[in-house]
Protein chains: 2
Amino acid sequence: MRARLSDIAQQAEVSEATVSRVLNDRPGVAPETRQAVLTALDVLGYERPARLRKRSAGLVGLVVPELENPIFPAFAQVIESTLAQSGFTPVLCTQTAGGVTEDEYVEMLLDRQVSGIVFVSGLHADTAANHDRYRALIGRPLPIVMINGYAPGIAAPFVSCDDREAAELAVAHLVALGHRRIGLITGPDRFVPVQRKVAGWRAAMTRLSGLPAAELDSLAELTLFGVEGGEAAAGRLLERGVTGLVCGSDLMALGAIRAARQRGLSVPADLSVVGYDDSPLMAFTEPPLTTMRQPVAAMAVAAVRALVDEINGHAAPHSEYSFRPELVVRGSTAVAGATAGADRPGRQQPAPPAVVVPA
Amino acid sequence: MRARLSDIAQQAEVSEATVSRVLNDRPGVAPETRQAVLTALDVLGYERPARLRKRSAGLVGLVVPELENPIFPAFAQVIESTLAQSGFTPVLCTQTAGGVTEDEYVEMLLDRQVSGIVFVSGLHADTAANHDRYRALIGRPLPIVMINGYAPGIAAPFVSCDDREAAELAVAHLVALGHRRIGLITGPDRFVPVQRKVAGWRAAMTRLSGLPAAELDSLAELTLFGVEGGEAAAGRLLERGVTGLVCGSDLMALGAIRAARQRGLSVPADLSVVGYDDSPLMAFTEPPLTTMRQPVAAMAVAAVRALVDEINGHAAPHSEYSFRPELVVRGSTAVAGATAGADRPGRQQPAPPAVVVPA
DNA sequence: GGGAATCCTGAAAGTTCTTGCCAACCGGCG
DNA sequence: CGCCGGTTGGCAAGAACTTTCAGGATTCCC
């Protein structure tokens with residue numbers, strides 16, 4: 001049996017009339033009385049009308065694919081604090097293997113009446129996915145913003161790091177160190193950022209490495225994201241004689257370093273590795289990872305600003321904001337052909353400060 | 001003016017009686033008619049009662065303090081997938097500096113009618129916080145489970161890693177390597193896990209190190225969580241001649257290693273460092289970090305199982321489930337007095353497999 | 001200290017919603 | 001064709017909720 005007004009009135013020691021006033025958010029009730037009624041409401045498990053729920057507006061969904069790659073917690077953290085500064089309450093939704101899918105999360109967020117949704121590396125980055133889901137959201141209308149990925153025909157702001165440029169800069173860095181056989185390790189081909197990195201790598205290799213185009217195909221390994229994928233792919237590429245590797249994520253780069261070590265090779269003396277993301281802790285790895293930094297904070301601020309503008313009715317430009325990656329030179333890249341242990345006696349001494357080379 | 005039953009009946013082209021039947025979820029209404037009424041409800045913006053909202057049940061809040069320390073994403077990921085397997089939809093809430101507080105998140109979760117809440121390292125671990133908030137939740141009643149922290153007088157299941165044991169094992173490991181002046185670096189004193197680590201460290205030091213009790217006080221540094229806190233504290237302890245350090249988190253351990261390097265010391269030759277958590281990527285750090293592993297998966301499963309039991313009305317024991325930490329020996333600890341570069345020529349070769357020493 | 005204005009509250013009157021009953025309608029089936 | 005089960009509308013009684021109105025408390029001003 002559901003609680004009735006009379007029950008609540010009894011619990012709060014007021015009259016039914018007062019309870020009714022509180023429930024309908026009408027004036028003429030003292031704040032303490034109002035609070036007492038609300039408390040009684042909760043005690044008896046009475047369902048509050050929506051208007052009494054604080055900030056039911058101001059909720060923003062944040063959908064990220066996973067938390068294992070530290071770049072995603074990093075994005076989540078920055079976006080959340082930026083949203084909070086704008087007065088919105090973030091609701092973080094992360095997919096898990098065999099768990100809740102992006103669509104299910106979106107449905108839940110719609111039920112919860114969110115004001116907008118930020119997608120980080122979601123299905124919008126997957127060319128094999130149907131993007132009608134996003135058009136449906138925009139049509140409701142519900143403001144959405146996409147980070148790292150692009151799909152044509154979706155009238156929403158896109159915020160991306162320039163993957164193509166990142167791959168080109170990584171290749172250029174390795175070429176400048178004397179490398180020529182430079183492999184690429186990244187994720188499955190259906191993802192937009194992967195395609196862009198492949199394009200950038202291929203363009204830079206064609207321009208700078210002097211390798212014949214036919215040979216390039218054998219130096220690109222598209223594998224699973226994560227340490228293990230990088231490890232497996234690096235193993236295959238090392239057999240093809242690469243001395244430099246451009247990786248699509250820092251985790252893949254760590255996997256590649258592990259693969260090299262397992263073959264008795266030293267990084268960076270025998271193999272130079274460039275990561276991608278500059279996710280947290282990469283300065284503490286062995287060796288400290290040279291990587292392409294995504295400007296996470298700037299991207300988060302841009303995404304939140306665009307979303308807030310849309311929420312407030314000021315349509316943001318529905319184009320792609322492209323952010324420049326920075327090359328962060330640490331210890332995983334070195335001049336090609338340097339011998340292990342010669343002038344690099346391990347990294348026992350204080351690590352040299354990272355050199356940041358803006359694009 | 002709010003929509004009335006008669007308006008909805010008109011919109012759906014049915015009678016008021018039918019609308020009333022649908023609203024109260026009573027039998028005797030054809031599925032198509034029911035759907036038509038629900039549609040009319042949404043068209044007119046009538047607020048549906050909770051029971052008609054899709055999957056409003058099955059939502060579980062997951063409150064974590066931050067995402068910067070990788071142990072928290074790790075917990076979140078495992079708990080989320082465990083919850084998903086039990087048919088619950090996790091809602092992850094992370095606090096951010098200057099952003100949403102734990103209480104605000106809890107209030108939002110209550111509004112969203114969650115079935116339960118999991119707190120990871122929340123205010124329940126803070127002895128300076130008022131724990132009435134948790135008693136109020138339990139009184140609603142709402143099932144809650146706490147991870148890593150304990151507060152007496154809260155009738156909820158607690159799931160913790162045995163901090164005291166972890167600190168003792170870490171000290172024992174360092175003592176076995178010949179260290180005697182072993183410092184402790186951990187967070188502010190008001191947190192339960194900190195107090196327990198201090199107690200464990202003190203007990204083990206008294207038993208094993210031979211140092212006078214009076215001297216111990218100067219070897220414990222309570223500082224801020226995070227890399228910078230560890231760095232600062234390690235600097236102070238190095239001046240007091242420690243050769244081994246037990247740290248309250250992996251991030252602090254990384255900070256401690258950085259502090260040692262900045263003073264020209266080598267880890268582990270001049271200073272051995274033990275972390276805590278075995279958060280992801282710690283096998284890739286320089287040097288690979290010796291650390292006390294929290295059994296994250298086991299703890300998550302236990303916490304979720306307890307919560308699901310409570311949600312289903314089978315009260316779980318309201319005591320503390322204490323999980324044993326494991327010592328994971330990697331490269332940041334070595335025999336005391338070993339000279340830099342002598343028998344440890346850097347870690348250029350494949351890292352030896354980590355040795356896991358269960359408690 | 002008194003009086004008036006204001007705010008808050010409860011009783012009662014008024015409105016909306018729920019429920020039970022029954023008849024009407026519809027389609028399937030013997 | 002007529003029976004039958006399921007569905008729906010009409011109606012009315014009554015329950016639940018809202019609003020009105022007047023009384024009581026508080027405060028402020030003189």
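These figures come from a predicted structure and were not determined experimentally. Within every chain, numbering begins at 1; the chains are lettered A, B, ... in the order of the sequence lines, protein sequences first and strands thereafter.
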Novice: Between L5(A) and R21(A), which residue's closest nucleotide on DNA chain D lies nearer the 5′ terminus?
Specialist: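 Checking each residue's closest nucleotide, the 5'-ward one belongs to L5(A).
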Novice: Applying side chain to side chain donor-acceptor pair (under 3.5 Å), can you list everything that pairs with E320(B), at least two apart in sequence or on another chain?
Specialist: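 Checked E320(B) against side chain to side chain donor-acceptor pair (under 3.5 Å); matches are S160(B), R196(B).
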Novice: For E13(A), give me all partners under salt bridge (charged side-chain N to carboxylate O under 4.0 Å, His left out), at least two apart in sequence or on another chain.
Specialist: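 None.
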Novice: If I take atom CG in residue D7(A) and atom C1' in nucleotide dA15(D), what distance separates them, rounded to the nearest angstrom?
Specialist: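 Roughly 13 Å, once rounded to whole Å.
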Novice: Does anything in residues 115-140 of chain A form a ring-ring contact (aromatic ring centres under 6.0 Å, His included)? List the pairs, not counting sequence neighbours.
Specialist: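 As it turns out, the ring-ring contact (aromatic ring centres under 6.0 Å, His included) pairs with a partner in residues 115-140 of chain A, which skip direct neighbours, are F119(A)-Y134(A).
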Novice: Taking only the side-chain heavy atoms of A17(B) (C-beta and beyond), determine which of dC11(D), dC8(C), dT18(C) contains the nearest atom.
Specialist: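 Output: dC11(D).
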Novice: Side chain to side chain contact (heavy atoms under 4.5 Å, CB included), that's the test. Do M299(A) and F75(A) meet it? Break it down for me.
Specialist: CA-CA 9 Å; M299(A) 293 170 68; F75(A) 263 116; 3.9 Å; yes
Novice: Could you check how far CG of L41(B) sits from P of dC17(C), rounded to whole Å?
Specialist: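 L41(B) atom CG is separated from dC17(C) atom P by 12 Å.
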Novice: OP1, OP2 of dA16(D) versus side-chain N and O of S6(A): anything below 4.0 Å?
Specialist: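 No.
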Novice: dT7(D) phosphate, OP1 or OP2: any side-chain N/O from T18(B) under 4.0 angstrom?
Specialist: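 The answer is no; no side-chain N or O of T18(B) sits under 4.0 Å from OP1 or OP2.
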Novice: Quickly work out the N24(B) CG to dA15(D) P distance and round it to whole Å.
Specialist: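 Rounding to the nearest Å, CG of N24(B) and P of dA15(D) are 16 Å apart.
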Novice: Would you kindly give the CZ-to-P distance between R26(B) and dT19(C), to the nearest whole Å?
Specialist: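 Answer to the nearest Å: 4 Å.
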Novice: Using the test side chain to side chain contact (heavy atoms under 4.5 Å, CB included), find all partners of E310(A) that sit at least two apart in sequence or belong to another chain.
Specialist: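 Partners of E310(A) under the side chain to side chain contact (heavy atoms under 4.5 Å, CB included) test: P143(A), P157(A), A315(A), A316(A), H318(A).
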Novice: For residues 9-16 of chain A, which residues have at least one heavy atom under 4.0 Å from DNA chain C?
Specialist: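 Those residues are V14(A), S15(A).
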Novice: The side chain of A30(A) is closest to which nucleotide in this list: dT18(C), dT7(D), dC8(C)?
Specialist: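 Minimum distance to the A30(A) side chain belongs to dC8(C).
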Novice: Excluding sequence neighbours, so at least two apart, what forms side chain to side chain contact (heavy atoms under 4.5 Å, CB included) with S121(B)?
Specialist: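 Result, side chain to side chain contact (heavy atoms under 4.5 Å, CB included) vs S121(B): P65(B), F72(B), N148(B).
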Novice: Rounded to whole angstroms, how far apart are CG on D25(B) and P on dT18(C)?
Specialist: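 Distance check: D25(B) CG to dT18(C) P gives 12 Å.
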Novice: Quick one: I8(B) CD1 to dT18(C) P, roughly how many Å, whole number?
Specialist: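 It is 9 Å, rounded to the nearest whole Å.
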Novice: Which of the following nucleotides, dT9(C), dC17(C), dT7(D), is nearest to the side chain of R4(B)?
Specialist: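 Nearest to the side chain of R4(B) among the choices is dC17(C).
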Novice: Hey, does V19(B) reach any base, or is it just sugar-phosphate, or nothing, if we go heavy atoms under 4.0 Å?
Specialist: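 Since no nucleic acid heavy atom lies under 4.0 Å of V19(B), the category is nothing.
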Novice: Does I79(B) form a side chain to side chain contact (heavy atoms under 4.5 Å, CB included) with V304(B)? I'd like the steps, not just the answer.
Specialist: CA-CA 7 Å; I79(B) 294 172; V304(B) 169; 4.0 Å; yes
